[in-house]
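Here is the naming used below: chain letters follow the sequence lines, and residue numbers restart at 1 for every chain.
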There are 2 protein chains.
Amino acid sequence: MNDNRFPVTGRFLQGRLRHAITTREAQLFEKLFDPAEEFPDGTVLIKRGNLVNHSTMLVEGFAVRVIEDDGGAQIVSIHVPGDFMDLHAFPLKRLDHNIVALGPARVAAVTHDKLRLIIDQEPHFARVLWFSTLLDAAIHREWIMKQGQLRAEGRAAHFFAEVWERLAMVGLAEDDGFFAPLKQVDIANICGTTAIHMNRVLRDLREGGVADFRRGRMRAPDKKRLHRHGRFKRDYLYGEGELALTGDLD
Amino acid sequence: MNDNRFPVTGRFLQGRLRHAITTREAQLFEKLFDPAEEFPDGTVLIKRGNLVNHSTMLVEGFAVRVIEDDGGAQIVSIHVPGDFMDLHAFPLKRLDHNIVALGPARVAAVTHDKLRLIIDQEPHFARVLWFSTLLDAAIHREWIMKQGQLRAEGRAAHFFAEVWERLAMVGLAEDDGFFAPLKQVDIANICGTTAIHMNRVLRDLREGGVADFRRGRMRAPDKKRLHRHGRFKRDYLYGEGELALTGDLD
DNA sequence: CGTTCCCTTGAGTAGTTTCAATACTTGTGG
DNA sequence: CCACAAGTATTGAAACTACTCAAGGGAACG
């Protein structure tokens with residue numbers, strides 16, 4: 001699915017919906033999108049509370065969802081290429097959070113008018129899109145689990161394991177790790193600790209031979225060990241394993 | 001909407017979808033459900049990983065979603081009457097978590113076959129249901145925010161504020177608080193701390209005049225103060241405020 | 001009226017934050 | 001090519017928050 005017939009939606013189809021979509025649906029879908037545009041690091045792609053009439057596919061790069069608060073900003077999720085980042089704006093109309101580019105990001109928009117067409121005419125594909133927004137919710141739940149059950153070290157390991165796995169699902173992982181334009185502050189924020197503490201935690205992970213994170217590059221010599229450290233089991237990503245989609249969504 | 005024409009779905013329609021639904025849609029919807037059944041405390045209503053062909057409305061009582069893990073169980077969300085608890089099982093087919101009755105709970109089931117009928121024939125109502133599952137995701141995000149930004153005392157305050165507000169949306173709150181069959185252990189789990197620490201935190205909240213929680217009954221003399229303590233702003237519940245649905249979903 | 005479940009308290013330890021200061025990296029202009 | 005600035009990463013020490021182990025108290029139920 002990731003050939004040049006699907007420059008915008010290729011990774012989305014590859015990563016999340018391998019077995020669930022027909023070629024006809026995929027072609028209809030690809031045609032809906034405007035050409036991709038590039039935005040620099042830190043661009044607020046979607047602003048909380050704004051009435052939106054389109055949704056955006058992350059084609060290249062990374063983005064985070066951020067809830068602003070008196071006490072600062074909290075990253076509540078991260079997006080990798082192939083994520084239909086704010087599809088949930090289609091039913092919700094206004095988002096409860098900002099979406100911010102993490103490093104330079106290429107995104108492609110589709111208007112809700114066009115989405116409505118395919119959704120009303122292709123009930124099966126509509127279900128696929130719904131599924132995709134619920135996968136985000138499943139990831140949210142896992143993050144809540146991670147925050148409740150693990151301490152800083154485990155949280156960082158879990159986060160690395162998740163991003164690595166999600167990048168692998170869209171063909172962007174390396175054998176021994178991955179790159180993402182994350183700073184220690186970001187990881188600290190995501191794990192609910194301070195940057196200073198995260199710095200020490202990352203040192204421990206490095207010295208313990210679990211994960212070596214340095215300026216955006218994460219390398220882990222032993223994936224199983226990383227998973228054990230973060231109690232990571234990939235099932236909740238619905239890609240493979242116990243919860244995987246088998247055959248058709250209907 | 002909460003009259004006796006809608007014994008099963010009344011609170012769902014009242015709480016989450018006030019302005020978004022026609023009477024005709026509501027009547028169609030109500031008719032799909034089997035009669036409600038009661039289950040005792042602790043019943044696992046939906047089991048992780050099982051292929052499910054129905055979804056359930058929480059008519060009376062409470063329930064929690066729980067992710068089991070080597071290290072124990074983590075509550076990742078709570079449900080109040082009127083929550084279409086596992087509607088997300090319709091697109092997902094298998095859930096990544098258990099749903100467990102918290103106290104005695106009355107629930108009504110609807111098969112996915114029947115749901116598919118109304119969804120394929122009533123695109124507007126389909127959107128309403130989609131919306132409803134995304135509201136859960138918004139609540140998940142707020143929980144992630146709460147875990148990342150607040151310490152135990154704020155987390156407890158935020159949790160109380162949220163449950164109070166959600167109960168108010170379905171007409172089940174009291175003027176100065178609410179009742180839910182929660183134990184201190186549950187609140188501790190939800191807030192990601194130990195029961196012992198939560199016990200001390202609850203004492204502090206009580207002595208500080210913020211919230212008096214005792215055996216399932218939460219009373220707060222000053223709602224604003226509780227909200228400030230938990231940095232709670234109800235917008236993310238999409239009921240009223242900045243993000244509220246205005247008029248039609250389309 | 002005792003049993004069970006739930007809540008409460010104390011003391012010691014581990015994990016995390018805060019404040020303050022120091023290095024390293026990267027990009028820019030001289 | 002070097003100097004400088006800005007951003008990012010690192011370290012130390014003290015204070016605080018939360019956890020663990022261990023024991024005692026209170027309410028509710030049969």
Side-chain angles (χ1 to χ4, degrees), chain A residues 40-42 64 71-75 100-104 146-160 179-208 210-219 229-231, chain B residues 40-42 62 71-75 102-104 146-160 179-208 211-219 229-230:
Chain A
D41 179 39
V64 287
Q74 176 67 41
I75 298 175
V100 182
L102 192 72
K146 159 187 98 183
Q147 301 280 80
Q149 300 280 308
L150 306 176
R151 347 217 102 240
E153 203 175 305
R155 292 180 195 172
H158 187 284
F159 174 68
F160 288 148
F179 175 84
L182 289 159
K183 292 165 215 151
Q184 292 193 353
V185 214
D186 301 318
I187 299 170
N189 182 305
I190 286 165
C191 295
T193 69
T194 60
I196 295 174
H197 187 55
M198 184 47 66
N199 177 272
R200 301 190 230 260
V201 165
L202 290 174
R203 171 166 44 73
D204 294 346
L205 285 173
R206 196 178 298 139
E207 289 173 358
V210 179
D212 187 325
F213 177 87
R214 284 195 142 99
R215 301 187 175 271
R217 182 157 309 276
M218 197 293 292
R219 292 185 193 288
H229 234 79
R231 291 209 213 135
Chain B
D41 180 39
F62 295 82
Q74 176 67 42
I75 298 175
L102 192 73
K146 159 188 99 184
Q147 300 280 78
Q149 300 281 308
L150 306 176
R151 340 206 116 254
E153 202 175 305
R155 293 180 196 172
H158 187 284
F159 173 68
F160 288 147
F179 176 83
L182 289 159
K183 293 166 213 149
Q184 292 194 353
V185 213
D186 301 319
I187 299 171
N189 183 304
I190 286 165
C191 295
T193 69
T194 59
I196 295 175
H197 188 54
M198 184 48 67
N199 177 271
R200 302 189 227 258
V201 165
L202 290 174
R203 170 167 44 74
D204 294 346
L205 285 173
R206 196 177 299 138
E207 290 173 357
D212 187 327
F213 177 86
R214 284 194 143 98
R215 301 185 176 272
R217 181 156 310 275
M218 197 293 291
R219 292 183 190 288
H229 234 79

Closest heavy-atom pair, Lys146(A) versus Ile190(A), reported as atoms and distance to 0.1 Å, is NZ-CG2, 3.9 Å
| query | Can a side chain N or O of Arg214(B) be found less than 4.0 Å away from OP1 or OP2 on dT8(C)? | reply | no
Residue pair Thr193(B) / Arg200(B), side-chain heavy-atom distance below 4.5 Å
no
If you compare every side-chain N and O of Gln184(B) against the phosphate oxygens of dT8(C) (OP1, OP2), does one of them come in below 4.0 Å?
yes
Exam field: side chain Asn189(A) to backbone Ile75(A), donor-acceptor pair closer than 3.5 Å:
yes
Between Lys183(B) and Arg203(B), whichever has its closest DNA chain C nucleotide further toward 5' is Lys183(B)
Review point. Should Asn199(A) be listed as having a side-chain N or O under 4.0 Å from OP1 or OP2 of dA9(D)?
Key: no
| query | So, do Met198(A) and Thr194(A) sit near enough that their side-chain heavy atoms are less than 4.5 Å apart? | reply | no
Whole-Å distance, Asp41(A) CG to dT26(C) C1', equals 14 Å
Asn189(B) CG to dC19(D) P, in whole Å, measures 12 Å
Of all heavy-atom pairs linking Leu182(A) and Phe159(A), the shortest is CD1-CE2, 3.7 Å
_Let's go through Asp212(A) and Met218(A) carefully: what are the C-alpha distance in whole Å and the side-chain angles of both, what is the deciding distance for side-chain contact (heavy atoms from CB on, under 4.5 Å) to 0.1 Å, and is it a yes or a no?_
CA-CA 6 Å; Asp212(A) 187 325; Met218(A) 197 293 292; over 6 Å; no
Exercise for review: Would you check if the side chain of Arg155(A) reaches a backbone N or O of Cys191(A) as a donor-acceptor pair within less than 3.5 Å?
Suggested key: yes
From CG of Leu202(B) across to C1' of dC6(C) the rounded distance in Å is 13 Å
note: Ile187(B), atom CD1; dT8(C), atom C1'; distance rounded to Å ~ 15 Å
Separation of dT10(D) atom C1' from Phe213(A) atom CZ, nearest Å, is 15 Å
Value for CZ (Arg151(B)) from NE2 (His197(B)), rounded to nearest 0.5 Å, stands at 9.0 Å
Nucleotides 25-30 of chain D: which of its N/O atoms have a protein N/O under 3.5 Å away?
none

From CD of Glu207(B) across to P of dT8(C) the rounded distance in Å is 11 Å
- Step by step, would you call Leu205(B) with Phe213(B) a side-chain contact (heavy atoms from CB on, under 4.5 Å)? CA-CA 9 Å; Leu205(B) 285 173; Phe213(B) 177 86; over 6 Å; no
Rounding to 0.5 Å, atoms CZ (Arg215(A)) and NZ (Lys183(A)) come to a distance of 11.0 Å
Pairing string of DNA chain D (Watson-Crick or G-U wobble, both atom distances under 3.5 Å; | = paired to other strand) is |||||||||||||||||||||||..|||||
note: Leu182(A), atom CG; dA9(D), atom C1'; distance rounded to Å ~ 15 Å
Filtered N/O pairs between nucleotides 15-19 of chain C and protein, under 3.5 Å:
| from | atom 1 | to | atom 2 | distance (Å) |
| --- | --- | --- | --- | --- |
| dG15(C) | O3' | Arg151(A) | NH1 | 3.0 |
| dT16(C) | OP1 | Ala152(A) | N | 3.2 |
| dT16(C) | OP2 | His197(A) | NE2 | 3.0 |
| dT16(C) | O5' | His197(A) | NE2 | 3.4 |
| dT17(C) | OP2 | Thr194(A) | N | 3.1 |
| dT17(C) | OP2 | Thr194(A) | OG1 | 3.3 |
| dT18(C) | O4 | Arg200(A) | NH2 | 3.2 |

On a heavy-atom basis, the closest approach of Glu153(B) and Val201(B) is CA-CG1, 3.6 Å
